[in-house]
Amino acid sequence: SELQSPCNLVCRLLLEKKQTNQYYCILIFSIYIFFNDTATTEIYTLSLHDALPIYLRPYRRQVAVVVGLLTLQTVGNLYLPNLNADIINNGVVKGNIGYIVRTGGVMLVIALVLGVVAIVAVYWASRVSMGAGADIRAAVFGRVQGFSAAEVNRFGTSSLITRNTNDVQKIQLFLQMALTLMVIAPI
């Protein structure tokens, strides 16, 4: 098959987002990661939605940790307005200063815990995206090492270096954003 860069694959996915719901793609992508056991090392013959699960498979546990932490963060963020309403309904209206202080303290603790959860989630999402990027970069390098001199001349050394650095970096950034922002959007 014709050589495709990971950047072209990401661009194709972004163009497809106009036709399909991005959250649906991420959900299918997540389900595929956890339940598909087929493997291949041919990054260039795969589309992005086929290649990413293969390179994320070694990081299934970390992805599950990130999703769990982001779910916890979302639930906590959705619970804080309820506590605020309770302060108004049970503290301000009734003039119960003790209730206001106690519930405000609970809100403060929840906010601090959510901050720590967010930092840990971003840390693990970064580790997953950097690890998957390193694996993709190794696969690209291995594939390029198998090229004949004619193929290297056809693609050009500078183009191959770009594919192995900038394009993989774009995939890493996409993974980072997908694991931190796109996961919490449907929740």
Side-chain angles (χ1 to χ4, degrees), residues 6-7 9-37 48-136 168-187:
C7 181
L9 297 173
V10 171
C11 291
R12 186 169 13 147
L13 178 70
L14 293 175
L15 291 175
E16 288 174 4
K17 277 201 308 188
K18 294 180 182 174
Q19 299 169 358
T20 62
N21 186 333
Q22 65 184 356
Y23 306 122
Y24 176 75
C25 294
I26 296 300
L27 178 63
I28 295 300
F29 163 72
S30 300
I31 292 170
Y32 185 78
I33 290 171
F34 286 96
F35 296 108
N36 190 355
D37 290 329
L48 184 63
H49 65 79
D50 290 335
L52 281 180
I54 291 166
Y55 291 100
L56 284 175
R57 188 170 296 114
Y59 306 100
R60 277 186 275 195
R61 288 188 180 126
Q62 291 93 336
V63 170
V65 167
V66 170
V67 171
L69 290 171
L70 291 174
T71 302
L72 179 66
Q73 180 185 359
T74 303
V75 169
N77 285 333
L78 293 174
Y79 184 61
L80 285 175
N82 291 335
L83 289 175
N84 193 28
D86 284 346
I87 286 176
I88 294 169
N89 294 336
N90 299 326
V92 174
V93 172
K94 295 178 181 177
N96 188 348
I97 301 297
Y99 185 82
I100 294 172
V101 171
R102 281 191 312 276
T103 307
V106 169
M107 288 179 70
L108 184 60
V109 168
I110 289 174
L112 292 173
V113 168
L114 290 178
V116 170
V117 166
I119 291 169
V120 172
V122 169
Y123 170 79
W124 282 107
S126 298
R127 295 224 16 185
V128 167
S129 64
M130 294 301 117
D135 295 344
I136 292 169
V168 174
Q169 185 180 12
K170 289 177 185 176
I171 291 175
Q172 287 175 328
L173 182 60
F174 168 76
L175 284 173
Q176 172 71 25
M177 299 298 280
L179 289 173
T180 54
L181 298 178
M182 291 174 150
V183 169
I184 62 172
I187 297 173

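Atoms considered below: every heavy atom in the structure, side chains included; atoms not considered: hydrogens, waters and symmetry mates.
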What side-chain donor-acceptor pairs closer than 3.5 Å can you find for residues 110-136, not counting sequence neighbours?
| unit_1 | atom_1 | unit_2 | atom_2 | d |
| --- | --- | --- | --- | --- |
| Y123 | OH | R127 | NH1 | 2.9 |
| S126 | OG | V122 | O | 2.9 |
| S126 | OG | Q176 | OE1 | 3.0 |
| S129 | OG | A125 | O | 3.2 |
| S129 | OG | S126 | O | 3.1 |
| D135 | OD2 | Y59 | OH | 3.0 |

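Here Y79 contributes atom OH and N84 contributes atom CG; the two are 12.0 Å apart, rounded to the nearest 0.5 Å. The CZ atom of R102 sits 12.0 Å away from atom CG of D86, with the distance rounded to the nearest 0.5 Å. Rounded to the nearest 0.5 angstrom, L72 CG and N77 CG are separated by 9.5 Å. Atom CG of residue L175 and atom NZ of residue K170 lie 14.5 Å apart, to the nearest 0.5 angstrom. From L69, atom CG reaches atom OG1 of T74 across 10.5 Å, with rounding to the nearest 0.5 Å. Note that OG1 of T103 is 8.5 Å distant from CG of N96, once rounded to the nearest 0.5 Å.
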